[in-house]
Asks: 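Sending over a structure as structure tokens; questions will come in a sec.
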Amino acid sequence: MKFDTPATTNPIDRLRVVGHPVDRVDGPLKTTGRAPYAYEQQLPDRPPAYGAVLGAAIAKGRIVSMDTTAARQAPGVLAVVTAENAGKLTLGKMNTARLLGGPEIQHYHQAVAVVVAETFEQARAATRLIRVRYERERGAFDLEAARPQAKVPEKENGGEPVGDFDGAYASAPVQLDATYKTPDQSHAMMEPHASLAAWDGDALTIWTSNQMIAWGRADVARTLGLDEEKVRLISPYIGGGFGGKLFVRADALLAALGARAAGRPVKVALARPLIINNTTHRPATIQRIRIGAGTDGRITAIGHESWSGDLPGGQPETAVQQTRLLYAGANRKTTLYLAELDLPEGNAMRAPGEAPGLMALEIAMDELAEKLKMDPIALRALNDTQVDPADPKRPFSSRRFIECLRTGAERFGWDQRAAQPGARREGRWLIGLGVAAAFRNNLVTKSAARVRLDREGRLTVDTDMTDIGTGSYTIIAQTAAEMLGLPIDRVTVRLGDSSFPVSAGSGGQWGGNSATAGVYAACMKLREAVAARLGLDAAQAEFDEGQVRQGGRSVPLADALTQGELSAEDAIEFGDLDKRFQQSTFGAHFVEVAVDAYTGETRVRRMLAVCAAGRILNPKTARSQVIGAMTMGVGAALMEELAVDKRAGFFVNHDLAGYEVPVHADIPHQEVIFLEETDPVSSPMKAKGVGELGICGVSAAVANAIYNATGVRVRDYPVTLDKLLAQLPAPERAA
Ligand code: MOS
């Protein structure tokens, strides 16, 4: 099904099942431990062996020699695979660094060997018997130091300038020029990267934890030099990904190589202390923002430059993305600079681009509001735009940004905010309120599904879409139930298997809308098949409560199945609506903090997100996505930072003891409001993404609240107490 004109009324609009806060259909499996994750898969007749991964002990250089003799002779060891005996491996399309390093080492903890043994403990013990001699080379590990050599990449350069930024900025009566820093961050998902690989002759099956089945299958095949048809990836349950599992990682490849060498299925999980340097992370940024405005607050010039680093051949963090679209202004310049660093590979983490970009831009807007002596909400509303500021012929498909701000202001009690920072105190606590815009582009991508009605009237949906904890099973079941007029418990959804039709996968907050639209397309075809059997007209028929109705007739759906089951397969394919319209999602984040006047400790007291993101397919799962994203935004604001060892070139705090993320006690009260909205331009579902919108802007709202509480402006995340202490109001004055 081609989607190239805006949706009109369709069966989803009935909203009998879609749009309701249906419980997660996989919830009981998850909460009773019966949802099998990759590492828990059982192959009854083929007990697996276990692989343990050895990571490189240098960040850059070469392996001079590697002695695996003792490891091979260790108890239980079945095989040791290194680059020397692994055979030819081609770099995956989605990987910047090779998943099995050697002799060249590209980053610290790049895998250099997998030991396969009867038990995990034996495998792990044997990795320690491998003797590796390295020749270390000097690397670049410091973004600040590499910044002068950073280049504007040909691809992803940040976009064309509009008007005359330099002239307009120079002549603006009110100017803001500030530089912000965001650190490297880790996805820190609960489930580690893990895989079980099994060979059948030259055919390979990998049960793995992966967000994008088709990308993964293609890259496994490419890396190993196999036909794609020979590779099957299965990933039905995933304990979080956040972008860290968009691509095949070392666990999958080394399980496959280990299984081939050992002649047995092999399980490999990346140990937590290996994950942070072995896999990908969100790269640090340095962002310079310049905004010129009139004394009335209207922006006349907006400039955003962002520097980030990556391994040679890598990509920039696209942190200027939102600045091209969020606010009006005739003169604009956004530029990305990429420095070569020899740190582990930088890549996507929840809302890549916008998440770190808004951490900077939305503090800048707070600072500008202060210079103008304007309320920060009024400033944002004044500079709203309903069209792409760089191409005014392109309207936003929907944009209710101001309504998000105003609704939030009212619900949160924005009038309690003191315009003067440091003015509100409760005992030792300094109280502040902060606001920030949420913005994230809405991407759509082709997605296919197969649907089958069996003779018992059960509907089964097969698609390689994944559920990374987001609720894909549930919204897909709701969509299929709606389309065929069945109760949701008559629908079975099967996901995450490369033998199913290729879906959008889970990434970039495109999965929910695109994958359900693919199921919609397949169900439309199935409705035609049903109608044809019943002698009805599919275009006129209504599917409702197990009946198919048309005109005065009402026929049980089951009557269509007496001659046998019916199935249909189709894909949603998107035309150029995303070119004719700018599709984005909007929101506003409100945060109240209390900062201890003596210690500088920040406690978040209340949070509110107001989102306008098209039709909300399931307000319960959508709310959970936003709550989780808000929590992640608090982490980014207050604690998350990979500490770089700038001499040795690695992330020092590479476990969950050193890399802190928020816990429940850090997050006392969160509320989420979804504005009623449908976006007929986005898909037949009229939905958009929301899972990444929820993190966008949160951290700036926290930082702005801290400023409002204390009068201390921190432009270098995370806002830890050491950055506040020296400038806090004198203790004796903080009663
Ligand atoms: Mo997302 S960072 O594309 O999983």
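For ligands, and for the atoms within them, numbers begin at 1 and follow the listed sequence. A quick note: this is a predicted structure, and the numbers were derived from the prediction, not measured.
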Asks: Going by atom types only, do Ser209 and Glu191 share a side-chain donor-acceptor pair under 3.5 Å?
Replies: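 There is such a pair between these side chains.
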Asks: Tell me, please, which residues at least two apart from Glu362 pass salt bridge (charged side-chain N to carboxylate O under 4.0 Å, His left out).
Replies: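 In terms of salt bridge (charged side-chain N to carboxylate O under 4.0 Å, His left out), with neighbours along the sequence ignored, Glu362 is linked to Arg380.
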Asks: Exactly which residues line ligand 1, taking a heavy atom under 4.0 Å from it as the test?
Replies: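 Residues Gln211, Phe242, Gly243, Leu246, Ala348, Met349, Arg350, Pro352, Gly507, Gly508, Glu692 each place a heavy atom under 4.0 Å from ligand 1, listed by chain and number.
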Asks: Answer yes or no: does atom CD of Glu660 have more than 12 heavy-atom neighbours from other residues, nucleotides or ligands under 6.0 Å?
Replies: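 Atom CD in Glu660 is not packed in, count stays at 12 or less.
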Asks: List for me each residue that meets ring pair (Phe, Tyr, Trp, His ring centres under 6.0 Å) alongside Tyr327, sequence neighbours excluded, and say none if there are none.
Replies: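 Checked Tyr327 against ring pair (Phe, Tyr, Trp, His ring centres under 6.0 Å); zero matches.
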Asks: With Arg440, which residues qualify under salt bridge (charged side-chain N to carboxylate O under 4.0 Å, His left out), at least two apart?
Replies: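 Counting only residues at least two positions away or on another chain, Arg440 forms a salt bridge (charged side-chain N to carboxylate O under 4.0 Å, His left out) with Glu354, Glu692.
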Asks: Is it true that atom NZ of Lys30 has more than 12 heavy atoms of other residues, nucleotides or ligands lying nearer than 6.0 Å?
Replies: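 Above 12, so yes.
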